[in-house]
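Data first, discussion second: the structure below is written as structure tokens.
Nothing here was measured: the structure is a model prediction, and the numbers come from that model.
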Amino acid sequence: MRMVFALIAGGLFGAGLYISGMTDTAKVQGWLDVFGAWDPTLAFVMGGAIVPMAIAWQIAARRAAPVTGGSFPAPPEPRLGRNLVLGSVLFGMGWGLVGLCPGPVIASLSYGGPGVWIFLAAMLAGMAAAPFLRRRLDSALPAE
């Protein structure tokens, strides 16, 4: 049953990304081009994502376990640390350069062309390399 709900949620998420324009790289880059030809329409997408998630977090906080079973993941560390800042900068640079992030790239695999597949390969290579690079960074510059 969990897999069915995961499939439905993933399908809805992908459809939302497509309908909202988050899979359109030109639109996303227009959103990020604050000092140029800025396209503010994706602000509605961001707001439309924050409101239901805020409600879902409130509901989840009152529940002992998820409806589909299992357990809730541990809440993230609220501290602003080196790893969060470094990861955010790298994510933002990649998003700004290409106009894609992980969700939209998966949502556009069937129609996005070879560039989407190249981005996916680079993203998976980065995910595979991240633990190694993090260990190297931690040994060179220990986190506080």
Hey, any chance Trp95 and Phe13 share a hydrophobic cluster, counting ILVMFWY side chains that come within less than 4.5 Å of each other, even indirectly? yes
Take Val116 and Leu120 through the test side-chain contact (heavy atoms from CB on, under 4.5 Å) and record every step on the way to the result. CA-CA 6 Å; Val116 169; Leu120 179 66; 5.6 Å; no
Return the minimal non-hydrogen interatomic distance between Ser108 and Leu100, and the atom names on each side. OG-CD2, 4.4 Å
Path from Ile59 to Val51 over hydrophobic side-chain contacts below 4.5 Å: yes
Tell me, do Pro66 and Phe72 make a side-chain contact under 4.5 Å, heavy atoms counted? yes
Quick check for you: to the nearest 0.5 Å, what is the distance between Arg135 atom CZ and Leu137 atom CG? 12.0 Å
Could you state the interatomic distance from CG (Asp39) to NZ (Lys27), rounded to the nearest 0.5 Å? 4.0 Å
Are Leu97 and Val105 grouped together when hydrophobic residues (ILVMFWY) are joined by side-chain heavy atoms under 4.5 angstrom apart? yes
Side-chain donor or acceptor of Trp31 paired with backbone N/O of Trp38 under 3.5 Å: no
Let me confirm one number: the CG-CD1 distance from Leu17 to Ile106, rounded to the nearest 0.5 Å. 10.0 Å
Got more than 12 heavy atoms from elsewhere within 6.0 Å of CZ, Phe5? no
Give the cluster check for Met22 versus Phe91: same hydrophobic cluster or not, with ILVMFWY residues linked at side-chain heavy-atom distances below 4.5 Å. yes
Kindly write out the residues that satisfy side chain to side chain donor-acceptor pair (under 3.5 Å) with Thr68, not counting sequence neighbours, or none if the list is empty. none
One should read off an interatomic distance between Leu109 CG and Thr23 OG1, to the nearest 0.5 angstrom, of 11.0 Å
Same cluster for Met46 and Val28 if Ile/Leu/Val/Met/Phe/Trp/Tyr side chains link at under 4.5 Å? yes
With side-chain contact (heavy atoms from CB on, under 4.5 Å) as the test, would you mind laying out the steps for Asp138 and Arg82 before giving the verdict? CA-CA 10 Å; Asp138 286 344; Arg82 177 194 70 193; 2.4 Å; yes
What do you reckon, is CZ of Phe44 surrounded by more than 12 foreign heavy atoms closer than 6.0 Å? no
Heavy-atom closest contact (Gly70 atom, Ala65 atom, distance): O-CB, 3.9 Å
If you measure from CG on Leu7 to CZ on Arg2, what distance do you get to the nearest 0.5 Å? 14.5 Å
Non-hydrogen atoms of Pro52 and Gly47 that approach each other most closely: CD-O, 4.5 Å
Identify the heavy atoms of Val45 and Ser20 that sit nearest to each other, and give their distance. CG2-CB, 3.5 Å
Output the distance between atom CZ (Arg62) and atom CH2 (Trp57), rounded to the nearest 0.5 Å. 15.0 Å
